[in-house]
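Heavy atoms only: backbone and side chains are in, while hydrogens, waters and symmetry mates are out.
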Amino acid sequence: MLEAKYLSRMDFRGYKDFKDNMKPVVPGRFSFAVDIVDEWAAREPDKRALVYVTDESDVRTFTFAEMSLLSKKAAQYLLDLGIQKGDRVILLLRRRWEYWVAAVALNRIGATVIPASVMLTEKDISYRVQASRARLVIALDDPFVTEQTSHLKDKCPTLIDVIQSGGDDCTFNLGMMQAEPYEGKPVIENDEEMIIYFTSGTTGMPKMAVHNRTYPIGHIITAKYMQKVQNNGLHLTQADSGWAKFGWGNIYGQWICGSAILGYDPIRFQSENLMKIMEKCKPTSLCIPPTMYRFLLRDGLERRHIQSIQWFSTAGEPLSPEVNREFETISGHPIHEAFGQSEGTPITCTFEWLRVKPGSMGKPSPLYDVRLVDKEGKSVEPGDNGEVCIFTQPDETPVGLMCGYDVDGVLQRNYDTIYHTGDIAYEDEEGYYWYVSRTDDMIKCSGYRIGPFEIESVINTHPAVRESAVIGRPDEIRGQVVCAVIVLQAGVEPSDELSAEIKQYVKTNTAPYKYPRIIEYLPELPKTTSGKIIRNVL
């Protein structure tokens, strides 16, 4: 097994043994493309890498030999376009099989992958291109995506081009298939950047979290110990490629551990179709957001739909104990929860040696020194709320944790000896962590992390709006939903028609998943003496 090369040990007597003695082994100049994809292709050329399926097409299977060859051809095509080591490329590809090829190809030549959601509007994409100084955008051949990317070259001077993918006659696909395989091996150091995730902030525009070349090694723990993928198994994590959850469950740790990926690519999520796909394709492990578990239960999940699955896990938002218990009644298995962020790999998890306590985040990962601390940075007692923090050595970047944020072209490490997650939890007497809230105002809706600032900046440009505040409201299905509290311009009266207009306005001017499902009107917003909105009052 390839993961044995990157772990000090693989088998453990229990959680304490795992926590104390599991250590990542990082080789010099690690290359995911060469050391994992090409290595599997050399050892077992016919080994499944990706099983790609949509609601409209037959299943298409890619072996590691095919993935190695396609990524080499794509790498040469990208080089021919002018993409070089260190360049940044944005991928807007949903869950198309071309995402896997492009991501491996960029890794192969030392370029940086920047995943982005196909739901983003032109404003969102343009901001990401300009902030990252991206050289290329590879975009899905889709009417909405094409419309949002059609003027990017005029607005973004760093761009070489915007090319389409998603069909045999698309520019990327044609260029890839016509290119000769790239056989070069550029010198790439482990501390060079590999992937950047844009994270939603609460007080400003999305930030760029930068991960280095060792990032995939951190996800061995995600795949092998959180998701319990199997060598020659088939793992399903249902997540858009624009999100860090995709990196958690659809490529890095899973391929290192020898599991194929079930790349289910629906245009729109429908729980009935997901049930059919699981029954048809028979994945062996599953990791989906709590919202999807809730939808499956609501829409008639039966044991036959998930009979092949031997391990269930989740992350992204708290999972209610009632959902976990109801799901276990049907499946015969509990759902193992994990907690983490785009800035890292899972920080806590209900690992295999731990009894599942429905609603708990589990216990800390061996990758990190995790502690709950108060505002003074002191550890709190069991039962007391504290911020989830990762303690590090000065100038140390733990495997799996980001190097820092890119701010105007400068990498700013936002931690020295303590990385603050901004999430509050408490620890019970058995050492299990329980999620409480954010220290800031992040909204977690259906697995998406939504920053209020982006939505407010759109709402406040509507001619009827004087100012607004966006908050999260509890929701039985989605965990939280976006609620906009609005102060209208003088002379404008609230109405259902105006609320519908503002909702559509947000959908048009930013990613549709961010629109406020609830709109309320107030004559004024509660504020501090310095003028800051007091969100907890709202």
Side-chain angles (χ1 to χ4, degrees), residues 2 27-50 52 60 62-93 96-115 134-139 158-196 211-217 241 247 250-252 255-256 261 263:
L2 287 187
R29 295 176 179 168
F30 172 76
S31 166
F32 180 76
V34 175
D35 295 324
I36 304 304
V37 177
D38 292 353
E39 183 71 13
W40 276 126
R43 291 189 185 193
E44 301 180 42
D46 296 329
K47 186 182 183 70
R48 289 190 308 178
L50 174 67
Y52 177 75
R60 181 174 180 180
F62 296 83
T63 66
F64 275 102
E66 291 171 314
M67 192 59 62
S68 175
L69 177 60
L70 287 172
S71 66
K72 288 178 180 179
K73 291 169 74 67
Q76 185 59 58
Y77 171 60
L78 291 167
L79 289 167
D80 293 342
L81 285 178
I83 300 302
Q84 302 174 5
K85 174 187 171 183
D87 284 345
R88 294 167 172 178
V89 176
I90 292 179
L91 302 183
L92 288 155
L93 291 173
R96 284 285 309 184
W97 62 264
E98 292 92 343
Y99 178 92
W100 282 267
V101 174
V104 175
L106 290 166
N107 181 272
R108 191 178 292 284
I109 63 176
T112 301
V113 176
I114 304 180
R135 299 282 286 155
L136 181 70
V137 173
I138 305 178
T158 62
L159 277 182
I160 295 174
D161 207 349
V162 177
I163 59 175
Q164 287 188 320
S165 183
D168 291 343
D169 57 348
C170 289
T171 304
F172 176 76
N173 298 61
L174 287 171
M176 168 178 60
M177 297 311 296
Q178 293 170 2
E180 293 295 320
Y182 173 69
E183 297 295 348
K185 292 184 179 180
V187 176
I188 307 168
E189 303 297 341
N190 283 344
D191 61 357
E192 295 183 49
E193 67 180 43
M194 173 189 149
I195 189 166
I196 294 175
H211 290 275
N212 67 25
R213 313 292 291 189
T214 67
Y215 177 66
I217 295 176
S241 64
N250 275 299
I251 182 167
Y252 299 118
W255 278 0
I256 295 175
I261 299 299

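- No donor-acceptor pair closer than 3.5 Å links the side chain of Gln76 to the backbone N or O of Lys73.
- Qualifying salt bridge (Lys or Arg N to Asp or Glu O under 4.0 Å) partners for Lys185, counting only residues two or more places apart in sequence or in other chains: none.
- Between Ile251 and Phe32, some side-chain heavy-atom pair lies under the 4.5 Å cut-off.
- No side-chain heavy atom of Asp87 sits under 4.5 Å from any side-chain heavy atom of Leu136.
- Looking only at distances, a side-chain donor or acceptor of Trp255 sits under 3.5 Å from a matching main-chain atom of Ala49.
- Take Glu44 and apply the side chain to side chain contact (heavy atoms under 4.5 Å, CB included) test, not counting sequence neighbours, and it matches Trp40, Lys47, Asn232.
- You'll find the side chain of Arg96 reaches within 4.5 Å of the side chain of Tyr52, heavy atoms only.
- Using a 4.5 Å cut-off on side-chain heavy atoms (C-beta onward), Asn250 and Tyr99 make no contact.
- Side-chain atoms of Leu81 and Val89, non-hydrogen and from C-beta on, never get closer than 4.5 Å to each other.
- Inter-residue side-chain proximity for Thr112 and Leu106 is flagged as unmet; no heavy-atom pair is nearer than 4.5 Å.
- Not counting sequence neighbours, the partners of Asp38 by the salt bridge (Lys or Arg N to Asp or Glu O under 4.0 Å) test are Arg108.
- In this structure, Glu189 pairs ionically with Arg29, as a charged nitrogen and a carboxylate oxygen lie closer than 4.0 Å.
- Taking Tyr215 as the reference, His211, His219, Tyr252 meet the ring-ring contact (aromatic ring centres under 6.0 Å, His included) condition, with sequence neighbours excluded.
- Evaluation of the salt bridge (Lys or Arg N to Asp or Glu O under 4.0 Å) rule for Glu193 yields Arg88 as partners, not counting sequence neighbours.
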Test Ile163 against Tyr77 for side-chain contact (heavy atoms from CB on, under 4.5 Å), laying out the working first. CA-CA 12 Å; Ile163 59 175; Tyr77 171 60; 4.0 Å; yes

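- Heavy-atom minimum distance, Met177 versus Leu70: SD-CD2, 3.8 Å.
- At distances below 3.5 Å, at least one donor-acceptor pair connects side-chain atoms of Asn190 with backbone N or O atoms of Phe30.
- Val34 and Ser31 get closest at one heavy-atom pair: N-OG, 3.1 Å.
- Take Asp80 and apply the salt bridge (Lys or Arg N to Asp or Glu O under 4.0 Å) test, not counting sequence neighbours, and it matches no residue.
- Smallest separation of non-hydrogen atoms from Asn173 and Ser165: OD1-OG, 2.9 Å.
- What you find for Pro27 and Ile217 is that their closest heavy atoms are CD-CD1, 3.9 Å.
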